[in-house]
Amino acid sequence: MKVRLFTIPNLLTLANLVCGSVGVVMALSGGRLTTAFCLMILAAVFDFFDGFVARLLGQSSPIGLQLDSLSDDISFGLLPASILYVLYGRMPSLWLGEGPAAEAAAYAVFVVAAFAALRLAKFNIDDTQRTEFCGLPSPAAALLCGSLGLLAERNGLVLPREAVLAVAAAAAWLMVSGIRMFALKFHGFGWRGNELRYSFLAAGAAMIVLLRGYAVPLVIALYVVVSFVRSLACRTNQ
């Protein structure tokens, strides 16, 4: 069977991978966390449009699905973990102190990359995630982690090393958790059936206007909280 490798959707997916790869280099080699975060945003744009274009052109394929997951683990797994690794090295410690043990603890942030791979593999075989998600989507977890590097570099945010490790652990757990999280896939353009999505987007836009860069982790936190409450309500009504 002949497989078409260089379709437009696949090229967009590869652009996602390249952005993520360059972002890793920017973080680990240059310590340029703002640039790394911007490349993560660009990767997310390519990640959105590869699926959109594939559906538009009728070029969805099994190889495209696998390529998408491989690219996403770089851009939304390894890249945010790399940002947290550099951030950890720049932050003070509450009780970890200095020395070999504290330096070794920094590598724990790469649990984000490992759990992102698990999240993506699970998504590929789980047919229940076509209309909503089970666990935090890897791009959202990546934005949560990556935004901390942006805020530290641009706004002087200071987090103790212990908090950096806690964020990595929380992001990793949320990605593989059983919490049902709503997807921003609209059912038409009307209000009915899209109430939660429109309300969330309006709240997110207001937070961005008011809080600017600080809005990113708060919007992700709001998404998790709203999804958790919604999941509990759905279980109660069953």
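If you check the side chains of S75 and D47, you find no donor sitting under 3.5 Å from an acceptor.
Summarising the local packing, CZ of R32 is surrounded by 12 or fewer heavy atoms from other residues, nucleotides or ligands at distances under 6.0 Å. More than 12 heavy atoms of other shown residues, nucleotides or ligands fall within 6.0 angstrom of atom CZ in F110. Atom CZ of F182 has more than 12 neighbouring heavy atoms from other residues, nucleotides or ligands inside a 6.0 Å radius.
Under the side-chain contact (heavy atoms from CB on, under 4.5 Å) rule, F37 has a single partner from L42, L143, L148, which is L143.
Under the 30°/60° scheme for interplanar angles, the aromatic rings of F48 and F52 are found to lie parallel.
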ask   = Would F123 and F133 satisfy side chain to side chain contact (heavy atoms under 4.5 Å, CB included), going step by step from the backbone distance to the final call?
value = CA-CA 8 Å; F123 177 82; F133 301 115; 4.1 Å; yes

inquiry  = Between D73 and L78, is the side chain to side chain contact (heavy atoms under 4.5 Å, CB included) condition met? List the steps.
reply    = CA-CA 6 Å; D73 194 37; L78 182 58; over 6 Å; no

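Considering every non-hydrogen atom in both E153 and R90, the closest pair reads OE2-NH1, 3.3 Å. Between G146 and M40, the shortest heavy-atom contact is CA-CE, 4.1 Å. Closest heavy-atom contact between G23 and L79: C-CD1, 3.3 Å. Here the shortest heavy-atom pairing between A105 and Y88 reads CB-OH, 3.6 Å. Of all heavy-atom pairs between C145 and I83, the closest is O-CG2, 4.2 Å.
Annotation: side chain to side chain contact (heavy atoms under 4.5 Å, CB included) contacts of E103 (sequence neighbours excluded): none.
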